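As the structure is a prediction and not an experimental result, all values here were calculated from the model.
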Amino acid sequence: MKLNRRQFMLKLVLGSISFVVLDSFWLETNFIEWTEHDISESESNKIKVVHLTDLHLHSIKSVHKSIAERINKELPDVIFITGDSIERNKNLPVLEDFLNLIDIKIPKIAILGNKESSGRVDLQKLEDIYLNHNGILLINEAYLFLTKNREINIIGLDDLVHGHPDFEKSLANIDKSLPTIVLNHCPAYREQIDLVSAEQEIKPKLILSGHTHGGQVTFFGIPFLTPYGSGEYVKGWYNNEISKMYVSKGIGTAVIPLRFGARAEASIFYI
């Protein structure tokens, strides 16, 4: 049967709407984009890092199991978790369930996001969960990470929106001759990191951030809205003469359970 113009346009519109709904509520939230970045300075003795951010865990779904399976397959030297893993104390057991899926031999270094702070998550319980899974929680602290006969400063900052990040305090007593990686949930704090870095004559090798969800809902890559604390940053690399910053689109969602033009992301870095 031949379609008239009106029928054709109706089917086209309905098909487009169906695709957008399928993409937004299922594809972009459940099929993780794994990005890889090599910022190492040699071809040997590289440190493999997995970066996770903005998990927003409420329950364990197939997407979380797939992430854990990929991590266990990759066997990275360390996992960096840059905040907004959970939003309420009631979600603490879900975080524990997620970490149980990951090989306990893999070290984990985590920081806070705005959701842990605004949700008044019990920090002692959160810290205990990370400790029980070969992890640590850093809040304006430095940690000397040792692996493959290498030493790297890991700086973990408090959240900008509901916390009090203090990069200068975090640098106290570190060995500035070593490479420094900064875990910083809200990318807008990058300006302060660069300012202090210039004053103290250090150049962070990498700043890892999240928070923006890549805009979560975008139109041709342009976000309708980014949360306070994003600044001018949305996703991907932002490099200058002082530092290199990567803003991940993260895993979970906030406010509405969908993504459009901002597919969920986890990253692998070689340092």
Side-chain angles (χ1 to χ4, degrees), residues 51-58 80-92 94-95 109-127 129-130 135-143 154-171 181-197 204 206-218 222-238 243 245-259 262 264-267:
H51 176 215
L52 303 178
T53 192
D54 297 271
L55 286 159
H56 293 276
L57 290 166
H58 299 280
F80 293 145
I81 304 173
T82 54
D84 279 9
S85 297
I86 58 172
E87 300 173 3
R88 297 286 186 273
N89 280 310
K90 67 180 181 180
N91 304 133
L92 283 165
V94 185
L95 174 61
I109 302 177
I111 62 171
L112 300 175
N114 55 292
K115 292 298 184 181
E116 284 95 348
S117 299
S118 64
R120 299 182 180 180
V121 171
D122 188 317
L123 296 187
Q124 186 59 61
K125 290 182 179 178
L126 182 63
E127 183 177 14
I129 287 175
Y130 282 123
I136 57 170
L137 178 67
L138 300 179
I139 306 175
N140 291 330
E141 298 172 83
Y143 176 75
I154 311 297
I155 306 293
L157 297 174
D158 196 3
D159 165 62
L160 175 64
V161 177
H162 295 293
H164 303 281
D166 192 336
F167 184 55
E168 187 170 8
K169 172 191 172 185
S170 305
L171 293 177
I181 295 174
V182 183
L183 308 182
N184 166 58
H185 182 70
C186 292
Y189 190 68
R190 190 260 186 96
E191 279 75 18
Q192 183 64 21
I193 294 172
D194 281 354
L195 179 64
V196 173
S197 296
L206 177 64
I207 302 171
L208 289 176
S209 294
H211 185 59
T212 69
H213 297 192
Q216 190 165 312
V217 177
T218 72
I222 300 172
F224 289 97
L225 182 70
T226 53
Y228 177 74
S230 301
E232 299 298 315
Y233 307 106
V234 180
K235 62 182 179 180
W237 284 104
Y238 297 90
S243 64
M245 180 172 74
Y246 190 82
V247 180
S248 171
K249 291 176 288 183
I251 305 296
T253 58
V255 184
I256 50 176
L258 63 84
R259 287 174 173 266
E265 175 188 14
S267 298

L171 vs I155, side-chain contact (heavy atoms from CB on, under 4.5 Å): CA-CA, chis, key distance, verdict:
CA-CA 8 Å; L171 293 177; I155 306 293; 4.1 Å; yes
Please assess V161 against C186 for the test side-chain contact (heavy atoms from CB on, under 4.5 Å), listing each intermediate value before the final yes or no.
CA-CA 8 Å; V161 177; C186 292; 3.7 Å; yes
Counting C-beta onward and ignoring hydrogens, is there a side-chain heavy-atom pair between [X] and [Y] closer than 4.5 Å?
| X | Y | value |
| --- | --- | --- |
| Y130 | I81 | yes |
| K169 | H164 | no |
| I154 | L183 | yes |
| L126 | L95 | yes |
| V182 | R190 | no |
| D166 | D158 | no |
| K115 | D54 | no |

I'd like to know if the side chain of [X] and the backbone of [Y] have a donor-acceptor N/O pair within less than 3.5 Å.
| X | Y | answer |
| --- | --- | --- |
| Q216 | A254 | yes |
| E116 | G83 | no |
| E265 | K249 | yes |

Rounded distance [0.5 Å steps], [atom1] in [X] versus [atom2] in [Y]:
| X | Y | atom1 | atom2 | answer |
| --- | --- | --- | --- | --- |
| I111 | N140 | CD1 | CG | 10.0 Å |
| R88 | R120 | CZ | CZ | 10.0 Å |
| D84 | L57 | CG | CG | 10.5 Å |
| L157 | I139 | CG | CD1 | 11.0 Å |
| I86 | L55 | CD1 | CG | 10.5 Å |
| Y189 | D159 | OH | CG | 11.5 Å |

What verdict does the side-chain contact (heavy atoms from CB on, under 4.5 Å) test give for H211 and T226, after you've listed the backbone C-alpha separation in whole Å, the side-chain angles of each residue and the deciding distance to 0.1 Å?
CA-CA 9 Å; H211 185 59; T226 53; over 6 Å; no
Is the number of heavy atoms from other residues, nucleotides or ligands under 6.0 Å of H58 NE2 greater than 12?
yes
Closest non-hydrogen atom pair, [X] against [Y]:
| X | Y | value |
| --- | --- | --- |
| P187 | Y233 | O-CE1, 3.4 Å |
| T82 | H51 | OG1-NE2, 2.8 Å |
| N184 | S209 | O-OG, 2.6 Å |
| G231 | A188 | N-CB, 3.7 Å |
| D122 | Q124 | OD1-N, 3.0 Å |
| A142 | S170 | CB-O, 3.4 Å |

List for me each residue that meets side-chain contact (heavy atoms from CB on, under 4.5 Å) alongside F224, sequence neighbours excluded, and say none if there are none.
V217, F219
For R259 and T253: C-alpha separation, side-chain torsions, deciding distance, then whether side-chain contact (heavy atoms from CB on, under 4.5 Å) applies.
CA-CA 7 Å; R259 287 174 173 266; T253 58; 3.9 Å; yes
